[in-house]
Amino acid sequence: MATIKKYQDKDGNTRYQFQVYLGVDPLTGKKKNTRRRGFKTKKKPRLYYQDLNLIFTIMDYRLKTIIQFLRIFTYCGSRNINKRLRKALG
């Protein structure tokens, strides 16, 4: 879950920020952290975090699926697949 903190901007207004760990990037293998600042109410960073988490989860699933497909494709060999496709298509 995100850590929501209160801070003062340079004009003295109260703002909110959050910092969150999103997981490991499947392409690079690096940890993903993010911080967003400047929210006027405490509710807005929570909603923003939920949207961000949903988007990252969907993208993570799609990237893992694509990576798995590419691993299978390269394992089987593109030549064998092309021959099979040509044979099936006539």
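Remark: Thr41 engages no residue in a side chain to side chain donor-acceptor pair (under 3.5 Å) (not counting sequence neighbours). Taking the side chain to side chain contact (heavy atoms under 4.5 Å, CB included) definition, one finds that Asp51 meets it with nothing, sequence neighbours left out.
Distance check, rounded to the nearest 0.5 Å: CZ of Phe18 to CG of Leu52 gives 5.5 Å. Remark: Lys42 NZ to Lys6 NZ distance equals 7.5 Å, nearest 0.5 Å. Taking CZ from Arg37 and CZ from Arg15, the interatomic distance works out to 11.0 Å, rounded to the nearest 0.5 Å. Remark: Gln50 CD to Arg46 CZ distance equals 8.0 Å, nearest 0.5 Å. Distance check, rounded to the nearest 0.5 Å: CD of Gln8 to OG1 of Thr14 gives 4.0 Å.
The side-chain tip of Arg36 does not point at the ring of Tyr49 from less than 6.0 angstrom away and within 45° of straight on.
The two atoms that bring Pro45 and Ile4 nearest to each other are CG-CG2, 4.1 Å, heavy atoms only. Contact record, Lys31 with Tyr21: CB-CE1, 3.7 Å, taken as the closest heavy-atom pair.
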Report task. Output, in order, the C-alpha distance, side-chain angles, deciding distance and verdict of side-chain contact (heavy atoms from CB on, under 4.5 Å) for Val20 and Thr34. Result -> CA-CA 6 Å; Val20 66; Thr34 188; 3.5 Å; yes

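Cluster membership for Tyr16 and Leu47, using ILVMFWY side-chain heavy atoms within less than 4.5 angstrom, is not shared.
Not one N or O on the side chain of Tyr48 forms a donor-acceptor pair closer than 3.5 Å with the backbone of Phe39. The closest donor-acceptor contact from the side chain of Asp11 to the backbone of Asn13 lies at 3.5 Å or more, if one exists at all.
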